[in-house]
Structure formats: C-alpha cells, structure tokens
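Report on the structure given below.
Note that the structure is predicted; figures quoted are calculated from it, not measured. So you know, we letter chains A, B, ... as the sequences are listed, proteins then strands, and number each from 1.
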Number of protein chains: 2
Amino acid sequence: MFRIGDFSRIARVSCRLLRYYDEISLLSPHYVDGDSGYRYYSAAQLPRLNRILVLRELGLSLGQIARVMEDNLSPSELRAMLLLRRSDVERAVEAESDRLRLIEVSIAQIDNNGELSTDDVIMRSEPAHLFLSLRRTVDSFAHARVLIRELHEAVHGRVHSSALGSLVAVAHATEFEADLFDVEIGFTLTETVPVAPTGLILRELEPMHTAAVCVRVGPPEHAHLVTGRIGAFVEASGYELAGSNREFFLQRPRLDHTEDWVVEMQFPIRKRRVIPAQGQAGTLTAPVQFE
Amino acid sequence: MFRIGDFSRIARVSCRLLRYYDEISLLSPHYVDGDSGYRYYSAAQLPRLNRILVLRELGLSLGQIARVMEDNLSPSELRAMLLLRRSDVERAVEAESDRLRLIEVSIAQIDNNGELSTDDVIMRSEPAHLFLSLRRTVDSFAHARVLIRELHEAVHGRVHSSALGSLVAVAHATEFEADLFDVEIGFTLTETVPVAPTGLILRELEPMHTAAVCVRVGPPEHAHLVTGRIGAFVEASGYELAGSNREFFLQRPRLDHTEDWVVEMQFPIRKRRVIPAQGQAGTLTAPVQFE
DNA sequence: CTTGACTCTCCCGTAACGGTAAACTTTAGG
DNA sequence: CCTAAAGTTTACCGTTACGGGAGAGTCAAG
C-alpha cells in the first residue's frame, strides 16, 4: 500500500493526475481511508495505470480509454477504435504537413520581398448560389460599369429586392492578357424567381471546394495587384487554378465611386499533384509568376 | 457599415467569433453605438480580419497574432516567430507520425495475437541515480535472493536507512541465453555516503534517454514473459535495445515471498536507423523475435 | 404600432489537467 | 508525549479558442 505521493513517484505521474483519474473514476485507489480521506494505492494497480498511459499515448481520449477499461472490451472493438484513431492521426499528419508548407511559403515570402504580402489571401470553401445574370464579351474590364447599369435595368421591377443577394462578376476568360473579356454579371438570389424573356440567365453559380479569396478595397484598375498576389500564393503553396474566377461585391457598389468598391476576389484552386520545388524556405528564389 | 450579422456572413465567420475578437481587442468594430451597444463593422476591416484568419491558419496563437497586429511588427520579428512555429510544427508532425506507427503496431498485435498484449509496455525517460551496489557473476538468475541477502548485510549499519532508495538489479549480460549472469544489485541513494572498504561499489546508475518499461508482479521466474513482450514491442515499434537492462523493485521485496515481488523492468532503447518493414498493419505477419 | 428578426451581455461548457489556498493527517525526532 | 515538518485533503480558478443558450433590449418593415 502506497500513499499517493509514493505511488506517483513510482509510476512517474503527478499526484494531481492520480486524483483526477480518481475523480473521473478511471483509476480509483485500492482503498480510501474513511476518516482522513487519504488514498492508498497498491502495486497491483500499476499495470492498469500503465495501460491507461499507453492508450493515452496513442491519442485516445480519456472517455475512450474508460470504455476500453471498464467492461473488458472485445479486441475487435478495440481494433475498430484504433482504426478510427489511425485515420484521425493520418489526417492530422497531413494537415500539419500542409500547415508546415504554408509556413515555409510565408518565410520565403519575407525573405524575398522583405515583408509578408500574401497575408490577406485566405483559403476556404464557397457554397453554391442561385444566380441571375447577364453575359457579355467586352473589350475592357473597366467596361463593367456599363454592364452593371444594364443589369440593374433588366432586373429592376421584375425581381423583388428582398430576393437579391450580392452582385457578382464572373470572369470566364482564362487568358488574362487577352483583349476580350467574357464577363458574366448578376445577382445571387435567396429564392428562385421567374425569368421572363429578358436575356437574363438563371443558373447555379458553381460551388468552390477550395477557393483562394482576397478582399480588395478600391477600383477595378487595382485588381491586377490582387490577382498577382493570389497567383503567387497559389503557386507557392502547392495549388493550381481550377476554373474561372469571380468577384463578389461585398457592398452594393456606387457606380460613380469605383474607389470605394469592396470586392472579394475568388479563385477556385486544387492541390497540384506534382510539387516542383520541395526545397527549404531560403531556396525559393525564382520569381513566381502568375499563370 | 454592417451590423455584426451581415459582417459575419460576408467574412464567413461566426458572430460569436467577432464578439470574442472584440472582447480580446484583436478586432474591434469600426463603431459601437453608445446606447444600444450594437457593433458596426466597415468593409475596410476585412483585410485585417483576413490577416488574422491567415495567421490563425498557420497555427499562431491569438496572443501571437495580437503581437503581430498591434504594433506593426518588423518583418524580421515575424520571420523569427514563423521559424519558431515551423520547428514546432515539424516536431508535431514527427510526434504524430510516431504515434501513427504505435497505433499500427497495436493493430497488428491484435490481428496476430487476437488481443493487445503489449498494452503495459510504456516508453519514458529515466533519470540518473546515485547507486551503491555489489556485482557478481552467478549461474542462475534465481540466485538473486542470495545476493540480496549479501547486499543487506553489507549495507546494514553502515548507511542510514533514510538515505536508501530502491533496490535495483542490473543485468550486465547481453546474451540472454548464456549460462552465466553478470548481475549487479544495489540501492539507489538519496545522498552520497562514505564507501568503506566493503566491496561495495558507489557509482552513478546511468540515465536512460528512452526506456521501455514494464511492471511485473510476480516471481523472477516469470521475468522472461515480460522480457519477450518488451522485446516484441521494441522490435515492432522501430526501436532497438541500447544497453543493459535492469529491474527496479517498487516494493522492498520479501525474500521468502517472491510471488509478491513488484518489479519494474527497464530496457534502454533507441530509434532504429533502418526500419525494415514499412508496410501496412496487416502485413506484419512474420513472428517477431526478441533480440 | 406591432411583430419578427436581430443584437446585447452574462454565464456555462469544452479536455485534461496544473496551481494554489486553507485545513487536516501522519510521521519522525526529541 | 509533544511539536514541527512533510504529506494529504477538498475546493476553486486558470488554461485555448471559442460554441450554446437565456433573458433583455433594439431595429426595420408592414
């Protein structure tokens, strides 16, 4: 019979931990003195404690460990738990590895540029939306204002304003240097509407499983700065573009004050299967070009 | 100006998170109504929020993120933080990979044996101890009782009992099948003592950086069972033996009741440089032999 | 003016313990 | 036998980064 301090020294765990495991009934002392409340442990409890510690090291939660310990769980059930745990750990390893690459990209950014400029590019998923739009091919992206006005006129009076969501511009062109832009501009909808013969398209705006997004505050003339930044980020972090990008207007734009526009640029991306340069942070010196 | 709900939808984060970041002064609203307490956010705050989210994704704590954000931290300081973070993540990846291998070993154990029998072998480090001992070569490990008696007589009266720690037996032989055992038996000491010319050795019992330990309750005749289990565990988890093993007596042994002995067996181990079979859990079918 | 949607603050809960305080018990030494 | 030191008890708070919910107040549209 050991008092808690001796037992903790023998088992190399803290007294606090033993009391905690007693509290949650994971490992109760062999005997508790009724008067003093002193806990007394026997050496025969060491195997149980060690088993707990081993399972803990495998990453099982104390709740799971309790299930393993209390009834003598069948080996196959334990096996199932371990399989579950294994897939969790596999995912965790992959997630941490991804994180590691992102960190290295950021360090390389600082080394090359003197500062961290990709800091506002973020990756997330984007759900599908119901979308009511106009599609045109124009010769200048600044022409967008005209399109927006046209869209407003087409929509005005036909759709209740409470059904309208955000203004979205989809860039269907994949060549960024081309002289012609295939642009689709419309509103997301919160409910379906009848589409009269107005030239308006009613469709689903595709969801993006993974999107690199960046918020731009300023006129469309500055878009290429953000575009380049996103491109560099996507390139460096082992992804590639996976479709046409689009711009979400987070504020209803005032057509005559383009410098106040608040636009979220969204680029669908996917993991590259081949990762070209797997080197250290400092070795990523070649200038990274977009597309 | 957006109310918190709109802003949360735009930024794709929860209201709760925005309130929390306000509370810890990480991202305060552009304006707070004095009467109602309503928070109003401006679109111009999105870049800051996104930067926060990016840093969070890199795994920085909110405290670190706050330091990055509040003063405009110099890029080199940020770089240092990222380097620190990188080494943390590298360690995390390695730790999770180790864990993954342990899990796979456990699954393979169940598949081969029908149950998890290595469950009470645990890995930890063992500190150095001051050690006062006798060393003999005997022809049978069961001869240990005689040695213990001899040790008691040598120590009795010369060392104050408060200075005595645990009884330890060191097996210096590396060949487990040999007929002769080179055994050293002694006590750990809590303070240094004068060693009279008694044949006793005063030395440091080497620490073990990594040890596989297992508690055995029972007579020394059962030691080989535990030995085999530890060996199989060590072999399967990518380690190898790295020196002579020893037995810590967790209870002062009663010489005439060997069946009550509570002994912790400690084997120093190190990572194998070459990992032979890197296969899946189910493929580990060859019987694993000790040494 | 009402009603429904929105927002506020405040408190509790998470997992797995560590730290500390105030009171009590045991043990060793004289 | 007495005292002092060491050990132990319960109880409460803190950690991280939020999520959930209660009860009360606020805003906007019809």
Task: A:Y41 and A:F7 aromatic ring geometry - parallel, tilted or perpendicular at 30°/60° bounds - done: parallel
TODO: Figure out the CZ/P separation between B:R9 and C:dC6, and round it to whole Å.
DONE: 6 Å
Task: Base D:dG25 to side chain B:Y38, donor-acceptor N/O within 3.5 Å cut-off - done: yes
Task: Phosphate OP1/OP2 of C:dC17 contacted by A:Y21 side-chain N/O (<4.0 Å) - done: yes
Open item on the list: Taking only side-chain N and O atoms of B:S14, does any of them lie within less than 4.0 angstrom of OP1 or OP2 on D:dG19?
Closed with: yes
Open item on the list: Checking A:Q266 against A:E126: is there a side-chain donor and acceptor pair closer than 3.5 Å?
Closed with: yes
TODO: Please state whether the phosphate of D:dC27, meaning OP1 or OP2, lies under 4.0 angstrom from any side-chain nitrogen or oxygen of B:S36.
DONE: yes
Open item on the list: On DNA chain C, does the nearest nucleotide to A:Y20 precede the nearest nucleotide to A:D33 from the 5' side, or the other way round? Give the residue.
Closed with: A:Y20
- [ ] Quick one: label A:Y40 by what it contacts on the DNA or RNA (base, sugar-phosphate, nothing), any heavy atom closer than 4.0 Å.
- [x] nothing
TODO: Calculate the interatomic distance between B:M1 atom CE and D:dA28 atom P; express it in whole Å.
DONE: 14 Å
Open item on the list: Whole angstroms only, please: what is the CG-P distance between A:D22 and C:dC17?
Closed with: 14 Å
Open item on the list: Please check this pair: side chain of B:Q45 against backbone of B:H30, looking for a donor-acceptor N/O pair closer than 3.5 Å.
Closed with: yes
- [ ] Consider the side chain of A:R16, meaning its heavy atoms from C-beta on, and name the nucleotide among C:dG18, D:dG21, C:dT9 that approaches it most closely.
- [x] C:dG18
Open item on the list: Please report the distance, rounded to the nearest Å, between CD1 in B:I24 and P in D:dG19.
Closed with: 12 Å
Task: Which residue lies more 5' along DNA chain D, comparing B:L62 with B:R3 via nearest heavy atoms - done: B:L62
Task: C:dT9 OP1/OP2 closer than 4.0 Å to side-chain N/O of B:R19 - done: no
Open item on the list: When you measure from the side chain of B:R39 to the backbone of B:L18, do you find a donor-acceptor pair of N or O atoms at a distance under 3.5 Å?
Closed with: no
Open item on the list: What is the distance, to the nearest angstrom, from the CZ atom on B:F2 to the P atom on C:dT7?
Closed with: 13 Å
Open item on the list: Rounded to whole Å, please give me the gap between CD in B:E57 and C1' in D:dC18.
Closed with: 16 Å
Open item on the list: Could you walk me through whether A:S74 and A:E77 satisfy the side-chain hydrogen bond (donor to acceptor under 3.5 Å, both in side chains) test, starting with their C-alpha distance in whole Å, then the side-chain angles of each, then the deciding distance to 0.1 Å, before giving a yes or no?
Closed with: CA-CA 5 Å; A:S74 80; A:E77 288 174 285; 3.2 Å; yes
Open item on the list: How many whole angstroms separate atom CD of A:E23 from atom P of C:dC17?
Closed with: 12 Å
TODO: May I ask you to verify if any side-chain N or O of B:R56 is less than 4.0 angstrom from the OP1 or OP2 atom of D:dA17?
DONE: no
Task: Separation of atom CZ in B:F7 from atom P in C:dT7, rounded to whole Å - done: 13 Å
